[in-house]
Amino acid sequence: MNISSTRVRFAPSPTGHLHIGGARTALYNYLFARRNGGSMLLRIEDTDRNRYVEGSEEQLIKDLKWLGINWDEGPDVGGIHSPYTQSERTKLHRSHAEHLVNIGKAYYCFCNKARLKSIRSGYNKYDGHCRDTDTNITLQRVASGEEHTIRFRSPNRGTTTVNDLIRKNITVQNEQLEDFILFKSDGFPVYHLAAMVDDHVMGITHVIRGEEWLSSLAKHALIIRAFGWSEPVWCHLSVLKQPGGKGKMSKRDAKTEEHPDSHSIFVHDLRNRGFHPGAIINWMVLMGWSLDDKQEDFNLVDLEKVFDLERINPSPAAVNFGKLDHFQGKYVRQMSESEIAANIKPFLFKSGLEPDDTMMSKLVPLIKNRIVTFEDSVQWLSFFFKKEIILAPSDLVGKKSTIKETLVILQQVKLTLEQLPSLEHENIESKLRLLANKLDLKLGQLLNPVRLAISGQQVSPPLFETLEILGSDLVLDRIQEAIKLLEDIY
RNA sequence: GCCCCCAUCGUCUAGGGGACCAGGACGUGGGCCUUUCAAGCCCAAGACCGGAGUUCGAAUCUCCGUGGGGGCACCA
C-alpha cells in the first residue's frame, strides 16, 4: 500500500437531503482524489442522535451516485478502515479521549447542564470548574458511574496558528478558546474529537470542507497536536449565498417573484425537475473554482484531469440558477436524439402520456432546441397525446384579426389539407404558402389560428411537422371543432 | 458582545506590481434568421467598496474604515 497517497473524505451528517452546498464539497473532494490518483472516502457523521433523520443516508448515497460522484471506501462499499459510520466507532473515540486525559491534555467534567447554563449567561465561556480537580478523585467518580463529560484542556495564553491552503495562516488568541467538550455524557463523542480521530486513523491527507468549520479550526489543530499527530492539509470552501447575493443560501425553494428563475437547492428536487447530472456538475464546479478565462464547459472526466485546489476562490459565491438552465440547455443540445428520448420518457409517463418509440423519434427533433429541463417536454408535447384539447374561441382570433377573417382562414386551410392525399410537411408547407399568398396574408397570420386550433396553444413546435405527425384525421377534426366554436360566437 | 473569513460588471469569474481606459461566461438590451416559441449567429451597455500608505508605476502589496459572510452548544 502506498501510504503517502492522497486520501480525502466527504463526511456529511445524516440530517436531511443533500443540497448543492454539500454536493459541491463532495465534488471537490472527489475531483481532488481522482486528479491525484488518491482515494475518496464517505464517512457518515451521526454522533448526534437527536438530529438523525431516518433514510437520509440512503438518499444521500443515491443522490451522490446519481451525480456521478463515487468513493473508494464508505459505509456501502466497506474498506480497510470499516466501519465508516461514526456512531459505530465510539469505542475508538472513547479510548482516544481517555488517552488525552492520561497525558494531561483533557479532563473529566461533572458539571451538569443547569450549572453550565447559569455560568454561560450570554457568551461566557466555561469557567474551568472541573479543570484542576485531583485525578484520583475524578477517576473514582467516573468509576462509580457518575455522569460526566471529557473536556479538552485548552491553552489560555499565547496564540494558535493554522495554515489553510487557500487562506494562508489563520491565527487565534488562545484566550478565545474554552475547554470544549470532547466526549458527551450520552456516550458519544463530539464532532471535534470524532472527526479528528477518524481522519487520522483513516489516513486523511487533505481536509476539504465548508467555511463553517473555519472557526473551529484552531480546536481541531490543537486536538491533533495534543495527540502528536501530523496535520492534514486544510482547505476551507466558502459558503454559497442566495441568488441575489444577499445572505446565506436558504433551504426553502427559492423560486419567488424576486428570483423567478430559481429552483430548489436540493439535488433530488433538481433531478425530479429533469436536470441532467452533468449540467449540475458543470454548474456546481464553477461556484468557487475556475480553470482559466477560457474554458467553462466541463464534464466529470475533464475535471478529473484538471481540477486543482489552488484555484479555489475563497470568497462566497451566490447561486445562479439561470446558469444552471444554460448548462442544462447546452447539455440537451449535444445529446443524441435517442438519449434525449430516453430522458424525456419518464416525465411524459409521469404526466399520464404514453409515447411509443416511433412517436418519440419524430417528436424529439422538434423540441430538442426548445426544452431546458426534461420535464419541459411535457408542456411541449401533451397536445399530441390528448384526445381533446380545450379551446377558448376568443384565443383563436389574433389581435389584429376578426372572427370572420379567422373563420375564413380555418375553412380555407381545412379545404387545402383535405385535398392532400397525405400530410407531409414539405407538401403542407408549399400548399399553405400558396394559400397565404392567395388570401394576401403573411404566413404567420395564416398559421396562427391553425396552431391554436390543433394545439390549443399560442406556441408549439414547428407547425408543418406537427400537422404531419398528428395525421390528417386529428388535424381535420380539430380544425373543424375550432370552426364550430367560431361559428357559435359569430 | 467577542472571534474569524471575504471583497473585480446584476451574478459566476480571469487577473498576483507595468501586457488592463480590466478579459470571458450567464443574464439584460438590440439586430440577423424566422410559421409561433426556441436554437444559432452578430452587436451593445455593464465592475476593480472607500481612504491612507509603499512604489517611477497599484485591480494586484500594507494598514485603517465600510460592507457582506461564518462561528462562539453535552449540533455537525
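Residue numbers start from 1 in every chain, and the chains themselves are labelled A, B, ... in the order their sequence lines are given, proteins ahead of strands. The model shown is predicted, which means the values in this text are computed figures rather than measured ones.
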Any N/O pairs under 3.5 Å between the protein and nucleotides 6-12 of chain B? List them or say none.
residue	atom	partner	partner atom	Å
B/C12	OP1	A/A318	N	2.9
B/C12	O2'	A/L286	O	2.8

Enumerate the residue pairs fulfilling salt bridge (charged side-chain N to carboxylate O under 4.0 Å, His left out) with a member in [range], sequence neighbours excluded, ordered by first and then second residue.
range                       : value
residues 108-124 of chain A : A/R115-A/D127, A/R120-A/E178
residues 278-299 of chain A : A/E296-A/K323, A/D297-A/K330
residues 154-173 of chain A : none

Please identify each residue that fulfils side-chain contact (heavy atoms from CB on, under 4.5 Å) with A/Q379, with sequence neighbours left out.
->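 Result, side-chain contact (heavy atoms from CB on, under 4.5 Å) vs A/Q379: A/D376.
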ask   = Do the ring planes of A/Y108 and A/F110 sit parallel (below 30°), tilted (30 to 60°) or perpendicular (above 60°)?
value =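 Ring orientation, 0 to 90° scale: tilted.
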* Would you confirm whether the ring centroid of A/F275 sits within less than 6.0 angstrom of the ring centroid of A/H263? =>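 Aromatic pair counts; centres sit under 6.0 Å.
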Mark yes or no for whether A/R43, through its side chain, and A/Y84, through its backbone, hold a donor-acceptor pair below 3.5 Å.
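Not at all, since once roles are kept as given, no pair shorter than 3.5 Å links the two residues.
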- Query: Counting distance only, does the side-chain N/O of A/Y191 pair as donor-acceptor with the main-chain N or O of A/L182 below 3.5 Å?
  - Reply: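 Checking the backbone N and O of A/L182 against the side chain of A/Y191, no donor-acceptor pair under 3.5 Å is found.
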So, using side-chain hydrogen bond (donor to acceptor under 3.5 Å, both in side chains) as the criterion, who are the partners of A/H425 when residues are at least two apart?
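side-chain hydrogen bond (donor to acceptor under 3.5 Å, both in side chains) list for A/H425, sorted by chain: A/E468.
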Margin query: Run the side-chain hydrogen bond (donor to acceptor under 3.5 Å, both in side chains) test against A/H192 and tell me which residues pass, sequence neighbours left out.
Written below: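 By the side-chain hydrogen bond (donor to acceptor under 3.5 Å, both in side chains) rule, A/H192 matches A/H220.
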Could you name each residue pair satisfying side chain to side chain donor-acceptor pair (under 3.5 Å) that touches residues 278-289 of chain A, not counting sequence neighbours?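 Non-adjacent pairs meeting side chain to side chain donor-acceptor pair (under 3.5 Å): zero.
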Subject >> OG on A/S377 to CD1 on A/I344, rounded to 0.5 Å >> reply: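 Between atom CD1 of A/I344 and atom OG of A/S377 there are 4.5 Å.
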Could you give the distance separating B/C49 and B/A59 at their C1' atoms, to the nearest angstrom?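 Approximately 12 Å lies between the C1' atom of B/A59 and that of B/C49.
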For the C1' atoms, the ones on B/A73 and on B/G16, what distance do you get once it is rounded to whole angstrom?
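Those two atoms are separated by 41 Å.
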Looking at RNA chain B, which of [range] put a heavy atom within less than 4.0 Å of it?
range                       : value
residues 148-165 of chain A : A/T149
residues 177-189 of chain A : A/E178, A/I181, A/K184, A/S185, A/P189
residues 427-442 of chain A : A/R433

Where is the tightest heavy-atom contact between A/S430 and A/N427, given as atom of each residue plus distance?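 Looks like OG-O, 3.0 Å.
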- prompt: Would you call A/R311 and A/D308 a salt bridge, taking side-chain N to carboxylate O under 4.0 Å as the test?
  reply: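 No, no charged N to carboxylate O under 4.0 Å.
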Lys/Arg N to Asp/Glu carboxylate O, A/E231 vs A/R225, below 4.0 Å:
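The answer is yes: the pair qualifies as a salt bridge.
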Is there a side-chain polar atom (N or O) of [X] under 4.0 Å from OP1 or OP2 of [N]?
X      : N     : result
A/R120 : B/C74 : yes
A/T15  : B/A76 : no
A/R311 : B/G15 : yes
A/T171 : B/C4  : no

**Item:** A/L214 CG to B/C72 C1', straight-line distance once rounded to whole Å
**Value:**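 Atom CG in A/L214 sits about 13 Å away from atom C1' in B/C72.
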With B for base contact, S for sugar-phosphate-only contact and - for none (protein heavy atoms under 4.0 Å), nucleotides 37-47 of chain B reads BBSS-------
